[in-house]
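Working notes, structure below.
Just so you know, these numbers use all the heavy atoms, side chains as well, and skip hydrogens, waters and symmetry mates. Since we're looking at a predicted model, the values are computed, not measured.
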Amino acid sequence: MRNPFKKNPDTSAIDPANLSDDVETLREQQRLLQMASMDNWVNKTVKQQHKGQRARTAFRFALLGVVTLSIANTAFIYHSDFRPGSSSVDYRHVGLLDVTGPIAANTKASSDAILAGVRRALKNEEQMEALVLRINSPGGSPSESQRVFHELRKLRELHPDTPIVSWIGDVGASGAYYIASATEEIHSAPSSLVGSIGVISSGFGFTEAMEEWGIERRVYTAGENKAFMDAFSTQTPQQVMAWESVLESTHQQFVNDVQLGRNGKLDAYDMSDEVFSGMVWTGEQALDVGLVDSNITLDDLYRSLLPQEDGSRPRVISYSPKESPFERFSKSLIPGVMSAFGVEATPGVRYQLD
């Protein structure tokens, strides 16, 4: 770009190495060269400013595009989720509710999320032939699983004409099976992983390593057993026995509720039996021991619940709560990082397949 304030002088005929010996001519040549040098500097400065402006403009448009796409994606996910509270369904259908991932508070498989989905589905029970809990979870929190179990049984009593059944996909273990046992029937694929009716509590002990490195652990408590789960403190045999009794009690609650939910189908087994040992079974094996009622594909389950004259799959409506991409990212980031380092995000007792 030319200097807008002054025309660029023609200096092509001036050789800086061979300037005139005449004083006046030399002064004019130097003046012209200085003007040309200044003009070139101004041109370069203006060009750099324009390039910077174009880069900033391009960045702003790109950022605006990303924000717009993010908002559009979130809006699509939100509005594509059927919400019976604001509208009703006028055709027969099968309801679907996903129980996916670890069962824990503030996740999409929390007791709040699961029960909210069940209640939302039951608002349309006049047009809903049955509700299917599609389970793909290794389990998780005992209290969350226990809450869903007991509330599901109460909801079944309040809505006896609407079957609530479960179907296990890749895995329905531990706390996830706890939830499944509250439904009227449990179905699975032959290759599903089912069971793991047990309790786990895991951690690390670094006391020998601390002694080797000469590290002193300082923990101050009120109560001699307050820090017995501390990884850097030794455990007494009495503390180990006490903690094992806690796990046994929690395990007994698990077994009692599962037997109750299965309506006698597991009464032939006691606490010492392998069925309640934490063992995992395939769907095919689980059928033989009474953990599931059938091996069937999900689509065939839909067809059996709401048969169509032409044999096609009936209409299915999902009542699963949906999260925005940002919510999914923020909730999975910290647990994912902690898991990568072998640290539990929510340490303690778990009904979970490890």
Closest non-hydrogen contact found for G283 with V194 is CA-CG2, 4.3 Å
Rounded distance [0.5 Å steps], CD in Q127 versus CZ in R315:
10.5 Å
Does L115 share a hydrophobic cluster with V132, counting links as ILVMFWY side-chain heavy atoms below 4.5 Å and allowing steps through other members?
no
Can you list the residues that meet the side-chain hydrogen bond (donor to acceptor under 3.5 Å, both in side chains) rule with D310, with sequence neighbours excluded?
S312
State yes or no: do L305 and L133 share one hydrophobic cluster built from I, L, V, M, F, W and Y residues joined by side-chain heavy-atom distances below 4.5 Å, directly or via other members?
no
With a 4.5 Å heavy-atom cut-off, do L306 and R303 have their side chains touching?
no
Is the backbone of S196 close enough, under 3.5 Å, to the side chain of S174 for a donor and an acceptor to pair up by distance?
yes
Give the cluster check for I114 versus L96: same hydrophobic cluster or not, with ILVMFWY residues linked at side-chain heavy-atom distances below 4.5 Å.
no
Roughly how far apart are D112 CG and E144 CD, rounded to 0.5 Å?
6.5 Å
Please test N295 against S188 for side-chain hydrogen bond (donor to acceptor under 3.5 Å, both in side chains), starting from the C-alpha separation and ending with a verdict.
CA-CA 5 Å; N295 292 156; S188 74; 3.2 Å; yes
Derivation and outcome, side-chain contact (heavy atoms from CB on, under 4.5 Å), residues H159 and L131:
CA-CA 11 Å; H159 304 269; L131 176 63; over 6 Å; no
Keeping the roles fixed (side chain from D293, backbone from H187), state whether a donor-acceptor pair exists under 3.5 Å.
no
Taking all heavy atoms of L152 and all of A182, pick out the closest pair and write down the distance.
CB-CB, 3.9 Å
Between R262 and S181 (side chain of the first, backbone of the second, donor and acceptor by atom type, cut-off under 3.5 Å), is there such a pair?
no
Where S145 and Y178 come nearest, the two heavy atoms and their spacing:
CB-CD1, 4.0 Å
Within a 6.0 Å radius of atom CD on Q308, are there more than 12 heavy atoms belonging to other residues, nucleotides or ligands?
yes
Between I103 and S137, which heavy-atom pair has the shortest distance, and what is it?
CG1-OG, 3.7 Å
Side-chain (D270) to main-chain (D273) donor-acceptor, under 3.5 angstrom
yes
Could you tell me the separation between the CD atom of Q285 and the CE atom of M279, rounded to the nearest 0.5 Å?
9.5 Å
Here the gap from E284 atom CD to S192 atom OG, rounded to the nearest 0.5 Å, amounts to 11.0 Å
Donor-acceptor under 3.5 Å (T107 side chain, A109 main chain):
yes
How about K108 and D98: do any of their side-chain heavy atoms sit closer than 4.5 Å?
no
Heavy-atom closest contact (I197 atom, H251 atom, distance)
O-NE2, 3.1 Å
Report the C-alpha distance between I179 and F149 in whole Å, list the side-chain angles of each, state the deciding distance to 0.1 Å, and finish with yes or no for side-chain contact (heavy atoms from CB on, under 4.5 Å).
CA-CA 5 Å; I179 290 173; F149 174 87; 5.7 Å; no
Are I135 and L298 grouped together when hydrophobic residues (ILVMFWY) are joined by side-chain heavy atoms under 4.5 angstrom apart?
no
Report yes or no: do D257 and Q253 form a side-chain donor-acceptor pair below 3.5 Å?
no
List the atom of Y177, the atom of L266, and the distance in Å for their closest heavy-atom pair.
OH-CD1, 4.2 Å
Are F276 and I186 linked, directly or through intermediate hydrophobic residues, by side-chain heavy-atom contacts shorter than 4.5 Å (ILVMFWY only)?
yes
Test item: Y319 and N124 side chains (from C-beta on) under 4.5 Å apart, heavy atoms
yes
Taking Q259 for the side chain and N256 for the main chain, is one N or O donor matched with an acceptor at less than 3.5 Å?
no
Between R156 and P163, is there a donor-acceptor pair closer than 3.5 Å when you use the side chain of the first and the backbone of the second?
no
Does E129 have any side-chain hydrogen bond (donor to acceptor under 3.5 Å, both in side chains) partners at least two apart in sequence or in another chain, and if so, which?
R92
Distance (rounded to the nearest 0.5 Å) between L291 CG and D288 CG:
10.0 Å
Just checking R119: does its CZ atom have more than 12 heavy atoms from other residues, nucleotides or ligands closer to it than 6.0 angstrom?
yes
Taking only distance into account, with no hydrogens and no angle test, what donor-acceptor pairs under 3.5 Å do side-chain atoms of residues 166-173 form with protein atoms, sequence neighbours excluded?
from, atom 1, to, atom 2, distance (Å)
S166, OG, T183, OG1, 3.0
S166, OG, E185, O, 3.3
W167, NE1, I296, O, 2.8

Gap between atom CG of L122 and atom CD1 of I164 - 0.5 Å precision
5.0 Å
Would you say the side-chain atoms of H93 pair up with the backbone N or O of Y91, donor to acceptor, closer than 3.5 Å?
yes
With a 4.5 Å limit on heavy-atom distance, are the side chains of H150 and L155 in contact?
no
